[in-house]
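These notes concern the structure reproduced below.
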Amino acid sequence: QVQLVESGGGLVQAGGSLRLSCSASGIIFSINAMGWYRQAPGKERELVATITSGGTTNYADSVKGRFTISRGNARNTVYLQMNSLSPEDTAVYYCNANLRRLTSLRFDDYWGQGTQVTVSS
């Protein structure tokens, strides 16, 4: 069984910062990439940032220069440092991992439960 758990969400004023954390647990053979997605009320889920096992990062244009994604030393943890937050960043943020279980021959996507981020003006 594989499980992803997010933390670090909350309420912050415009211009403030938050750091989200996500840890993957279970019998995992290899993690290809991890990332963050978000979904605002009435909108579709969108990509925020991803990072590969080799350290290659990718960001949505709307967050580039403000958000930073990184991997923990344990390699099963991913962080999202969010600076200069605006009300447009308000959404539920979901952690994603593309990984291979020890008993599997393929890579699959797994999702966390989500953490709420609310930015007030």
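All values derive from a computational prediction rather than experimental measurement. The first residue in the sequence is number 1, and the count goes up from there.
Considering SG of C22 and CH2 of W111, their distance stands at 10.5 Å, rounded to 0.5 Å. Between the OG1 atom of T57 and the CZ atom of R71 there is a distance of 12.5 Å, given to the nearest 0.5 Å. Note that CD of Q13 and OG of S121 are 9.5 Å apart. Values are rounded to the nearest 0.5 Å.
The minimum heavy-atom distance between G114 and E6, with the atom names listed, is N-OE1, 2.9 Å. Y94 approaches G112 most closely through the heavy-atom pair CD2-O, 3.6 Å. Between S17 and S84, the shortest heavy-atom contact is OG-N, 4.3 Å. The minimum heavy-atom distance linking I28 with A24 is given by the pair CD1-CB, 4.1 Å. The two residues G35 and I69 make their nearest non-hydrogen contact at CA-CD1, 4.0 Å. For the residue pair R66 and S62, the shortest heavy atom distance occurs at NH2-O, 2.9 Å.
In this structure, Y93 is a member of the same hydrophobic cluster as Y110, with clusters built from ILVMFWY side-chain heavy atoms closer than 4.5 Å. Residue L20 is grouped with residue M34 when hydrophobic side chains (ILVMFWY) are merged at heavy-atom distances under 4.5 angstrom, including chains of intermediate members.
In this structure the side chain of D61 never reaches within 4.5 angstrom of the side chain of Y59, judged on heavy atoms. At least one side-chain heavy atom of Q81 sits less than 4.5 Å from a side-chain heavy atom of N83. Two residues are said to be in side-chain contact when any heavy atoms from C-beta on lie closer than 4.5 Å; L105 and R100 meet this criterion. Looking only at side-chain heavy atoms (C-beta outward), R19 and M82 stay at 4.5 Å or farther from each other. Contact of the T52 side chain with the N32 side chain is not registered, since no non-hydrogen atoms from C-beta on lie closer than 4.5 Å.
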message: With salt bridge (Lys or Arg N to Asp or Glu O under 4.0 Å) as the criterion, how do D108 and R101 come out once you've worked through the C-alpha distance, each side chain's angles and the decisive distance to 0.1 Å?
response: CA-CA 8 Å; D108 294 301; R101 292 183 175 182; over 6 Å; no
Next item on the list: For L4 and V2, run side chain to side chain contact (heavy atoms under 4.5 Å, CB included): C-alpha distance rounded to whole Å, both residues' side-chain angles, the deciding distance at 0.1 Å, then the answer.
Entry: CA-CA 7 Å; L4 276 62; V2 175; 4.0 Å; yes
| query | Going through the distances and angles, do N98 and I31 end up as a side chain to side chain contact (heavy atoms under 4.5 Å, CB included)? | reply | CA-CA 6 Å; N98 183 253; I31 299 178; over 6 Å; no
Side chain to side chain contact (heavy atoms under 4.5 Å, CB included) between V78 and C95, worked out
CA-CA 8 Å; V78 64; C95 179; 3.9 Å; yes
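Partner of L18 under the side-chain contact (heavy atoms from CB on, under 4.5 Å) criterion, chosen from T118, L80, V117, T115: V117.
Grouped by direct or indirect side-chain proximity (heavy atoms under 4.5 Å, Ile/Leu/Val/Met/Phe/Trp/Tyr only), I27 sits with F29, L102.
Looking only at distances, a side-chain donor or acceptor of T90 sits under 3.5 Å from a matching main-chain atom of V119.
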For residues 42-50, dump all side-chain donor-acceptor pairs below 3.5 Å to protein atoms at least two apart in sequence or in another chain.
unit_1, atom_1, unit_2, atom_2, d
E46, OE2, R38, NE, 2.8
E46, OE2, R38, NH2, 3.4

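Within a 6.0 Å radius of CD in Q116, other residues, nucleotides and ligands contribute more than 12 heavy atoms.
Between F67 and W36, a ring centre-to-centre spacing not shorter than 6.0 Å is recorded.
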